[in-house]
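Okay, structure first, notes after.
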Number of protein chains: 2
Amino acid sequence: MKTPRTRIQKKNTEAILEAALDVFSAEGFKGATLDKIAKRAELSKPNLLYYFPSKEAIYVALLGHLMDTWMDPLKEMRDGGDPVEEIVAYVLRKLEMSRKFPRESRLFANEIVRGAPHIRDMIDGPLSELMAEKAALIRGWVKAGQIADVDGYHLIFSIWATTQHYADFDVQVRGLLRPKGDAHFSDAAKFLEGFYRRALRPN
Amino acid sequence: MKTPRTRIQKKNTEAILEAALDVFSAEGFKGATLDKIAKRAELSKPNLLYYFPSKEAIYVALLGHLMDTWMDPLKEMRDGGDPVEEIVAYVLRKLEMSRKFPRESRLFANEIVRGAPHIRDMIDGPLSELMAEKAALIRGWVKAGQIADVDGYHLIFSIWATTQHYADFDVQVRGLLRPKGDAHFSDAAKFLEGFYRRALRPN
DNA sequence: GTCTATAAGGTGATAGAC
DNA sequence: GTCTATCACCTTATAGAC
């Protein structure tokens, strides 16, 4: 990505990333074309390639740009207060991310289903460390008898899975529930809250 | 798909579908090429197109071929016996599907993330009916006080999400757990079994 | 039924004018 | 910085020999 200097450059760079998020999340890396991204960003195709050297560069910039946002909700799960409430709060934050940022969720889903060729390093590095830290936190809660005996890794996997499902499989969820707008998200929140509360309650 | 008449035709048709499952599940519809499928099926590219009229025809045949297999575990969840055990058994069947058929899971994941352009009818038709039936079954169990008060649709979504996660996000799961082979699946089974049992236990 | 050759169209990226 | 024109490549699909 060209480091934006003028106001126009900043605006165009942002327009490109916004358009790229639209197209890559909906069609995957291969399915996306520079034509579609250019049209949505209201730029010519060569002009896209003035700001980014290649299609892959746009994709990588987008993933890097969003990675931190994606890991933030988990970072906020901390010790202090009631562990069950801490975990339930994380579940609800993550579900809210699915509601507000479904394209971002699908972008990562696409990338990981394909074997995560562009973010392997992120998974093996920063995400792995964050995961280890939070799994240890959960282990501590289990040992202190504050929550039921669960494995931290699989608990977090289950939270990712259940919440991202509403973004990644949106079409299926809507096809089966036929909700008006996002109405089903409050049902999902109610379900998940009760579910995790019961499953985590000690003894 | 050509209706297989000779032994050779049957063998080739199967080889094509097997190769197509490999390639489509790993690369998505757009990312897959006839070259890759032909090479893996050990046929020439025009020979592929002798058996199937187009790339899309192979893809559609594959999805149709696998749809029933994919819905079967849910069909087997029935009334009779302890409802909690019935649901837990479904969870474990579904997890076993993720272990044994990860490519199939990723094929559907790819398709649905992209908006399910080829299986919309299946979702709105047969799957919708099956879902309604099983949601009603769960509602009955709730009303009889045999399981905790949960919404059937969201319960089934959570089961799909948590179990398919181990197939669809396999790379991420392995990157974080570094398991030997499929060793982590028994941990996942243990986690999910305990989790659903506690969450569903009435009062 | 299976092959080689190739048509036809799309796509990422570059050249060069302005 | 942005555009028009275009190249080089890849991919689906077909033609036609055997």
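Below, chain A is the first sequence line, B the second, and so on; all start at residue 1.
In this structure, K36(B) forms no cation-pi arrangement with F24(B), as its terminal cationic atom is not both closer than 6.0 Å to the ring centre and no more than 45° off the ring axis. Both tests pass for K55(A) against the ring of F29(A): distance under 6.0 Å to the centre and angle within 45° of the axis.
Rounding to whole angstrom units, CZ of residue F24(A) and P of dT11(C) are separated by 13 Å. Per the geometry, CZ belonging to F52(B) stands 13 Å off P belonging to dT2(C), to the nearest Å. The OH-C1' distance, from Y51(A) to dA13(C), rounds to 18 Å in whole Å. In this entry the distance linking CD1 of I8(A) with P of dT2(D) reads 6 Å, nearest Å.
At the phosphate of dT14(C), neither OP1 nor OP2 sits under 4.0 Å from any side-chain N or O atom of Y50(A).
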Could you go through E18(A) and R103(A), starting from their C-alpha distance and side-chain angles, then the distance that decides it, and tell me whether this counts as salt bridge (charged side-chain N to carboxylate O under 4.0 Å, His left out)? CA-CA 10 Å; E18(A) 165 65 21; R103(A) 294 175 305 170; 2.9 Å; yes
Protein within reach of the bases, or only the backbone? For nucleotides 4-18 of chain D, mark each nucleotide 5' to 3' as B, S or -, using heavy atoms under 4.0 Å. BB-----SBBB----
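By the 30° and 60° cut-offs, the orientation of the rings of F157(B) relative to H165(A) is tilted.
Between D187(B) and Y153(A) the shortest side-chain heavy-atom distance does not fall below 4.5 Å.
Remark: aromatic rings of H184(B) and F191(B) are distant, center separation not under 6.0 Å.
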